[in-house]
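The model shown is predicted, which means the values in this text are computed figures rather than measured ones.
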Amino acid sequence: MLELLLGYFIKVNESNISLLKIIETENSVIGIGNRLNENNIGEIVILKFSNDGNLIFSKSIYSNKYLIFSDAVYRNGKIYIIGTIPIENEGNNILFICIDTNANILISRYFSVINYESPSAITILNDKIYIIGNMNPLNNIPRMFFLITDTLGIPKFLKIAYFLVNFTNLKGFFIENNNIYVYGDYFDNKRIPFVFKFDSLFNLLEGKKFSLNTNLPILGFQKVNDSIFILFDKYLLTLRSDWKILNIKSLSNLIPKFLNYSTVLEIFGIFNDKPFYYVLDRHFPILKYANISSNNLKYAKNYILFNSTTDYLFPKNLTNCDVFQYQLFYLNDINLNLTVENFPITLISFSIPFSQVSLYIKDINTSISYICPTSAIKDENFEVSYDKFYEVYKIDGTFLGKLKPKNLKKGIYILKDGKKYKKFFKLHSP
């Protein structure tokens, strides 16, 4: 018998929990988010699952202050978490927490700037941690901030961007070698997206903004070899690495939420109120969606995480589940009067103080349900045609696309034909 793990589909049954991030470790999956306790005080919730979807523990990080989770990143057995914590006479400060994969607190401190800070994303490169967001140091126009700390959470320096725009929203990072791309948008009668390219010390190398005669919120950024992909709320833009526009595809029938890249470009979002992902390559022009309504889709690299009245969590590669449906769906090219302009900013460096803060861990009761639990799948004896399209998986369950066996490289694969699965040995590369 062939046992194939194709994933699991979990429903979190607690209305006071909102998962926002999925961290994949070597041996487990960890969900992180916000929890409102019985006293209406915010806590940071940690749910740990085994790779087959069993709940190992559910815990929360708490204090006597209202904690809000923003983002997290994993490296070498440690999870670095950022959020906010209110400090008397200072407003919200940046909360920095480091935990191990069993949710033991290793570091807890906050970075202090008078008035409000709102971190939005965290990433790690070598031995440096990068944090971006907005702050309001003079109780005036919010400023973008760019912060570097070491892995102990000791800040090295803070850079604040000085230019007069309203409602700036830094969305996220993309790292290539030692270059750091930061993307976001701001409001000037309409939503205008931008991308900054920095070196590893947050020195600005170049900045670009994208102009169109309508709102253009940016949702995702990926760079692959010599191509740049930028996801807007209605369009997918492809550029060369020198920022020359190659094509623009319309997403008018979809509501995209974020962009990912594993072996192909993936777009995640909402289609007819249902979570979907769309894989953009020549082998797999298919929209795959879960037949469950949702109004809030959130990012997780290899997982779709969404919320209606409770949280759901499932891997995008899950296929042996009746809630998933397929639909052929091509993205059409479109011509737009979209321009790419230089967008320089001035950055001023500051030191930033930090203080220790006492945080605590407690176990919480969390109920989960399995919507489509994984089951052992028998190896079926069907004859493989080298010229027929099959759904092809790696032996670990990773979905590769709809492919012909003759085009596969040498290796071991799982082929799916209807509801039948077969282990397939390819002895020679094409």
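- Distance check, rounded to the nearest 0.5 Å: CD1 of Ile131 to CD1 of Ile148 gives 10.0 Å.
- Residue Ile56 comes nearest to Ser50 through the heavy atom pair CD1-N, 3.6 Å, listed as atom of the first residue, atom of the second, then distance.
- Side-chain contact between Leu231 and Leu251 is present, with heavy atoms from C-beta onward closer than 4.5 Å.
- Looking at Asn332, its side chain never comes within 3.5 Å of a backbone N or O of Ser250 through a donor-acceptor pair.
- The nearest pair of heavy atoms linking Thr84 to Ser118 is CG2-CA, 4.5 Å.
- Heavy atoms of other residues, nucleotides or ligands lying less than 6.0 angstrom from CG of Asn104 number more than 12.
- A donor and an acceptor atom, one from each side chain of Asn37 and Glu43, are located under 3.5 Å apart.
- The main-chain N or O of Ile218 is found under 3.5 Å from a side-chain atom of Lys171 such that the two form a donor-acceptor pair.
- Minimum interatomic distance between Ser63 and Ile41 (heavy atoms only, all atoms of both residues): O-CG2, 4.5 Å.
- With Tyr62 as the aromatic partner, Lys362 meets the cation-pi criteria of under 6.0 angstrom to the ring centre and within 45 degrees of the ring axis.
- Outside the 6.0 Å centre-distance limit, the rings of Phe157 and Phe202 are not counted as a close aromatic pair.
- Residue Leu236 is tested with Ile334, Leu280, Leu254 for a side-chain contact (heavy atoms from CB on, under 4.5 Å); the sole match is Leu280.
- Centroid-to-centroid, the aromatic rings of Phe196 and Phe343 come within less than 6.0 Å.
- One distance of note links OH of Tyr289 with NZ of Lys274; it measures 7.0 Å at 0.5 Å rounding.
- Using a 4.5 Å heavy-atom cutoff, the side chains of Val195 and Pro193 are not in contact.
- Between Lys128 and Asp150, no side-chain nitrogen of the basic residue sits less than 4.0 Å from a carboxylate oxygen of the acidic one, so the salt-bridge criterion is not met.
- At least one test fails for Lys234 against the ring of Phe232: distance under 6.0 Å to the centre or angle within 45° of the axis.
- The CD1 atom of Ile82 sits 9.0 Å away from atom CG of Leu147, with the distance rounded to the nearest 0.5 Å.
- Put simply, the side chain of Ile180 reaches to within 4.5 Å of the side chain of Phe173, judged on heavy atoms.
- Side-chain polar atoms of Ser112 and Glu90 form a donor-acceptor pair below 3.5 angstrom.
- A centroid separation of less than 6.0 Å is found between the aromatic rings of Phe146 and Phe198.
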- Passes salt bridge (Lys or Arg N to Asp or Glu O under 4.0 Å), Lys209 versus Asp185? Steps please. CA-CA 9 Å; Lys209 68 177 180 178; Asp185 49 45; over 6 Å; no

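- Within a 6.0 Å radius of CD in Glu88, other residues, nucleotides and ligands contribute 12 heavy atoms or fewer.
- In plain terms, the two heavy atoms of Gly83 and Pro119 that are nearest each other are O-CG, 3.3 Å.
- Panel note: side chain Arg109, backbone Leu152; a donor-acceptor pair is recorded below 3.5 Å.
- Considering only heavy atoms from C-beta on, Ile248 comes within 4.5 Å of Leu336 through its side chain.
- Between the CD1 atom of Ile368 and the CG atom of Asn13 there is a distance of 8.0 Å, given to the nearest 0.5 Å.
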- Message: For a side-chain contact (heavy atoms from CB on, under 4.5 Å) check, start with the C-alpha distance between Asn27 and Thr101, then their side-chain angles and the critical distance, and finish with the verdict.
- Response: CA-CA 10 Å; Asn27 301 307; Thr101 55; over 6 Å; no

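- Ile23 and Ala72 get closest at one heavy-atom pair: CD1-O, 3.9 Å.
- Between the side chain of Asp199 and the main chain of Leu201, a donor-acceptor pair closer than 3.5 Å is present.
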- Task: Could you go through the side-chain contact (heavy atoms from CB on, under 4.5 Å) check for Asn93 and Phe111 one step at a time?
- Result: CA-CA 6 Å; Asn93 278 204; Phe111 308 135; over 6 Å; no

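- Between Ile105 atom CD1 and Ile44 atom CD1 the span is 9.0 Å, to the nearest 0.5 Å.
- Contact annotation: the side chain of Val392 approaches that of Leu408 to within less than 4.5 Å [non-hydrogen atoms, C-beta and beyond].
- For the side-chain contact (heavy atoms from CB on, under 4.5 Å) criterion with Phe69, the lone passing option out of Leu19, Ile97, Ile61, Ile81 is Ile81.
- Nearest approach of Tyr66 to Asn40, heavy atoms of both residues: CE1-O, 3.5 Å.
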- Message: ring-ring contact (aromatic ring centres under 6.0 Å, His included), that's the test. Do Phe221 and Tyr181 meet it? Break it down for me.
- Response: CA-CA 9 Å; Phe221 177 96; Tyr181 293 85; 5.1 Å; yes

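- Under a 3.5 Å cut-off, the side chain of Lys190 and the backbone N or O of Leu212 do form a donor-acceptor pair.
- Side-chain atoms of Asn34 never come within 3.5 Å of backbone atoms of Val45 as a donor-acceptor pair (strictly under, hydrogens ignored).
- The number of heavy-atom neighbours closer than 6.0 Å to NZ of Lys78, taken from other residues, nucleotides and ligands shown, is 12 or below.
- Side chains of Lys48 and Asn102: a donor on one and an acceptor on the other come within 3.5 Å.
- A 4.5 Å side-chain heavy-atom check between Leu265 and Val279 finds every atom pair outside the cut-off.
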- Message: I'd like to know whether Lys21 forms a salt bridge (Lys or Arg N to Asp or Glu O under 4.0 Å) with Asp71, so could you lay out the CA-CA distance, the side-chain angles of the two residues, the decisive distance to 0.1 Å, and finally the verdict.
- Response: CA-CA 7 Å; Lys21 187 78 174 186; Asp71 196 15; 3.3 Å; yes

- Query: Hey, mind stepping through Leu106 and Ile99 against side-chain contact (heavy atoms from CB on, under 4.5 Å) and telling me if it holds?
  - Reply: CA-CA 5 Å; Leu106 306 177; Ile99 62 173; 5.6 Å; no

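- Put simply, NZ on Lys249 and CZ on Phe229 are 10.0 Å apart, with the number rounded to the nearest 0.5 Å.
- Taking the side chain as every heavy atom from C-beta outward, Tyr80 and Phe96 approach each other to under 4.5 Å.
- Between Leu246 and Ile228, every side-chain heavy-atom pair lies at or beyond the 4.5 Å cut-off.
- Formation of a donor-acceptor pair under 3.5 Å by the Asn16 side chain with backbone atoms of Leu36 is found in this model.
- Not a single donor-acceptor pair under 3.5 Å links the side chain of Lys59 to the backbone N or O of Ala103.
- The closest side-chain donor-acceptor pair between Glu26 and Tyr74 falls under 3.5 angstrom.
- Not one N or O on the side chain of Ser355 forms a donor-acceptor pair closer than 3.5 Å with the backbone of Tyr110.
- A distance-only check finds no donor-acceptor pair linking the side chain of Ser108 to the backbone of Ser358 [under 3.5 Å].
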- Query: What's the verdict on side-chain contact (heavy atoms from CB on, under 4.5 Å) for Glu24 and Ile30, showing C-alpha distance, side-chain angles and the deciding distance?
  - Reply: CA-CA 6 Å; Glu24 292 181 304; Ile30 295 177; over 6 Å; no

